[in-house]
Amino acid sequence: MDLAESKVGVRAIYQPGASSIEGSPTALQMFHAHPPVMAMPHWHAQVEVNYVIRGSVHYRMSDHEFRLNAGEMCLFWGGQPHQMDESSDDSLYAGAHLPLVYFFRLRLPISISSRLMKGETLLTSATDAADVDNFARWFRYANSGNPAKAQHAVDELLLRIERIALEPYSMTTSKTAVSLESDQPHPHSSRSVARMCDFIAANFLQDIDSVDIARAADLHPKYAMNLFKRTTGMTLSKYVTLLRLSRAQAMLMSEGANVLQVAMDSGFGSISAFNKSFRHIAGMSPSDFRRDIRLVTTIPAGAFRN
C-alpha cells in the first residue's frame, strides 16, 4: 500500500496510487501491516478480507459501520465506497483483496456471496492462533517472487475463507439467521462467472460489451447477463465500469493528472460518460475528487477519529 505522511501530523494516511489496489483492480494482493486511516472513502473491484491480529480498527461503509478488535475477521465487497477512519496505535492486520475471478472459486453459500455483493459485511470471531502464523506466511509466500509459493498461499487463503461459513458468523445488516444448508452454488455457474471475470480482467480497458464477454465464456449473451446479475447482484456493464473507475481513482492521485486523459486511459469513450459514472459512485466529479483528496492529506490523521 502507498502511504503518505501527513504534513502536519505524525501518523500515516492511506492514499490510493497507481501501484496500489485501486490502480490494479484485477490483481490479488495480500497485506500484513499496521493499517493507516483513510483520508477519504475509496473503492476497488475486489472482495476484501481483513483479520485484526492486534489492536482495533473502525470502518464506515455506505450504509453501516463496524469495529474489528483483535481476533476478529471481516469480509466485504470493495466495490462500495468504504473508509477505515480509526486505527489504534498498536493495530496490526492481515488479509487480502480478491478479484471476482478468485472469489467465485470459493465454495461459499449463495446467501453469503450474494449478500456481500449487495453491500453487507460478514463478521466473525471464530479465529485461532494458527491464523496469526498463517496470514504472516501467506503474505511472505505471496511476495516471495516464487510462483509455486505464491500459488500455495492463494490456495490456502481461499480454503481459509471457505471455512468461515462452517463456523459462527454474522452479517452486519441481516436480521435473520443465514441458512448454510441448501444454498450451495452450482459448480457450472461459478465456473462460467469466473470465465467472464477472467475475460473482463484482461480486456476492461478495451471497448468490450456483453456479447464479447458472453462469447469468451461460450454462453448466449442474454443467459450470460442474467447469470452474472443473479450471481453478483450487478450487471456486466456495471462491473466493467467499476474496474475502470477503480483504475481512474488511482490515476487521479498522480501529480498533474488530466481528467480527460484519465478518462481515456481508464477505458471510457467520452468525458461525459466518465463524469457521470464517477459521480454516481463517488458523489462528486473527478475534478472535485482530485482536489479534495489532495486537500485532505494535509489534515492530521487524528482528525479522522470519532
Side-chain angles (χ1 to χ4, degrees), residues 21 25-30 43-51 59 61-64 66 68 72-82 95-124 126-127 154-201 213-214 217 219 223-243 246:
I21 195 63
T26 62
L28 186 152
Q29 296 184 13
M30 295 189 187
W43 61 90
H44 49 78
Q46 299 93 346
V47 172
E48 185 168 340
V49 54
N50 289 339
Y51 169 52
Y59 264 108
M61 314 301 280
S62 58
D63 62 357
H64 64 277
F66 63 91
L68 285 183
E72 296 179 331
M73 191 183 306
C74 73
L75 198 64
F76 63 84
W77 168 231
Q80 59 180 322
H82 56 278
H97 298 92
L98 301 174
L100 289 191
V101 67
Y102 286 95
F103 181 66
F104 287 111
R105 287 171 54 189
L106 295 170
R107 294 163 295 187
L108 288 176
I110 292 295
S111 57
I112 290 180
S113 57
S114 64
R115 289 168 68 177
L116 289 176
M117 290 297 153
K118 292 176 181 176
E120 297 188 38
T121 299
L122 182 152
L123 301 169
T124 180
T127 62
V154 171
D155 292 342
E156 284 198 358
L157 173 66
L158 296 182
L159 285 172
R160 176 61 186 91
I161 296 173
E162 287 178 356
R163 202 181 92 203
I164 289 176
L166 305 178
E167 298 175 330
Y169 68 89
S170 63
M171 304 294 288
T172 52
T173 60
S174 174
K175 298 186 182 302
T176 58
V178 176
S179 170
L180 301 179
E181 300 295 313
S182 59
D183 53 358
Q184 296 300 319
H186 191 283
H188 175 71
S189 297
S190 294
R191 285 194 297 270
S192 293
V193 172
R195 290 176 68 184
M196 286 189 276
C197 290
D198 256 338
F199 177 80
I200 295 170
I213 298 167
L219 300 172
Y223 177 78
M225 289 188 288
N226 290 337
L227 174 63
F228 195 87
K229 178 68 181 295
R230 188 171 68 247
T231 305
T232 69
M234 60 183 157
T235 64
L236 281 168
S237 61
K238 183 176 180 180
Y239 180 55
V240 173
T241 298
L242 179 61
L243 291 174
S246 184

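Numbers for residues simply follow the sequence, beginning at 1.
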Review point. Just wondering, do Leu100 and Gln46 contact through their side chains at under 4.5 Å, heavy atoms?
Key: no
Study note, to complete from the structure: Residue set satisfying ring-ring contact (aromatic ring centres under 6.0 Å, His included) with Phe199, at least two apart, ordered chain then number -> none
Practice item. Please lay out, stage by stage, how Arg195 and Ile213 fare under the test side chain to side chain contact (heavy atoms under 4.5 Å, CB included). Key: CA-CA 9 Å; Arg195 290 176 68 184; Ile213 298 167; over 6 Å; no
Check your understanding: Residues two or more places apart in sequence or in another chain: which of them pass side chain to side chain contact (heavy atoms under 4.5 Å, CB included) with Met225?
Key -> Ser210, Leu236
Exercise for review: Give the minimum heavy-atom separation between Ser192 and Ala217, together with the two atoms involved.
Suggested key: O-CB, 4.1 Å
Review point. For Arg107, does its backbone N or O pair with a side-chain atom of Glu162 as donor and acceptor, under 3.5 Å?
Key: yes
Revision key, fill the gap. Taken in chain and number order and not counting sequence neighbours, the residues that satisfy side-chain hydrogen bond (donor to acceptor under 3.5 Å, both in side chains) with Ser62 are Gln80
**Study point:** Intermediate values then yes/no, side chain to side chain contact (heavy atoms under 4.5 Å, CB included), Tyr102 and Leu157
**Key:** CA-CA 11 Å; Tyr102 286 95; Leu157 173 66; over 6 Å; no
Study note, to complete from the structure: One should read off an interatomic distance between Glu48 CD and Gln29 CD, to the nearest 0.5 angstrom, of 10.5 Å
Exercise for review: List the steps and the verdict of side chain to side chain contact (heavy atoms under 4.5 Å, CB included) for Leu219 and Met196.
Suggested key: CA-CA 10 Å; Leu219 300 172; Met196 286 189 276; 4.1 Å; yes
Exercise for review: Begin with the C-alpha distance, continue with both residues' side-chain angles, and end with the deciding distance and a verdict on side chain to side chain contact (heavy atoms under 4.5 Å, CB included) for Cys74 and Tyr51.
Suggested key: CA-CA 7 Å; Cys74 73; Tyr51 169 52; over 6 Å; no
Check your understanding: Can you tell if the side chain of Glu72 reaches within under 4.5 Å of the side chain of Phe66, non-hydrogen atoms only?
Key -> no
Check your understanding: Residues two or more places apart in sequence or in another chain: which of them pass side-chain hydrogen bond (donor to acceptor under 3.5 Å, both in side chains) with Thr121?
Key -> His64
Exercise for review: Identify, with sequence neighbours excluded, every residue that meets side chain to side chain contact (heavy atoms under 4.5 Å, CB included) alongside Arg160.
Suggested key: Met73, Thr127, Asp131, Trp138, Arg163, Ile164
Review point. With Ala194, which residues qualify under side chain to side chain contact (heavy atoms under 4.5 Å, CB included), at least two apart?
Key: Val101
Practice item. Have a look at His82 and tell me which of Phe76, Trp43, Trp77 forms a ring-ring contact (aromatic ring centres under 6.0 Å, His included) with it. Key: Phe76
Point to revise | Spacing of CE belonging to Met171 relative to CG belonging to Leu75, to within rounding of 0.5 Å | key: 8.0 Å
Review point. Considering residues at least two apart in sequence or located in another chain, which fulfil the side-chain hydrogen bond (donor to acceptor under 3.5 Å, both in side chains) criterion with Asp198?
Key: none
Check your understanding: Of the options Val47, Leu243, Leu28, Ile200, which is the one that meets Pro99 in a side-chain contact (heavy atoms from CB on, under 4.5 Å)?
Key -> Leu28
Point to revise | Nearest heavy atoms of Ile161 and Leu108, plus distance in Å | key: O-CD2, 3.9 Å
Review point. Mind checking whether Thr124 and Glu167 have side chains closer than 4.5 Å, heavy atoms only?
Key: no
Exercise for review: Identify, with sequence neighbours excluded, every residue that meets side chain to side chain contact (heavy atoms under 4.5 Å, CB included) alongside Thr235.
Suggested key: Lys229, Ser237, Lys238
Review point. Under the 3.5 angstrom rule, does the side chain of Thr231 hit a backbone N or O of Leu227 as a donor-acceptor pair?
Key: yes
Check your understanding: Looking at CG of Leu122 and OG1 of Thr172, how far apart are the two atoms once the value is rounded to the nearest 0.5 Å?
Key -> 8.5 Å
Exercise for review: Please identify each residue that fulfils ring-ring contact (aromatic ring centres under 6.0 Å, His included) with Phe103, with sequence neighbours left out.
Suggested key: none
**Study point:** Set of side-chain hydrogen bond (donor to acceptor under 3.5 Å, both in side chains) partners for Tyr239, sequence neighbours left out
**Key:** none
Study note, to complete from the structure: NZ (Lys118) and CG (Asp63) are apart, to the nearest 0.5 Å, by 13.0 Å
Exercise for review: Looking only at non-hydrogen atoms, find the nearest pair between Ala165 and Ile112 and report the distance.
Suggested key: CB-CD1, 3.7 Å
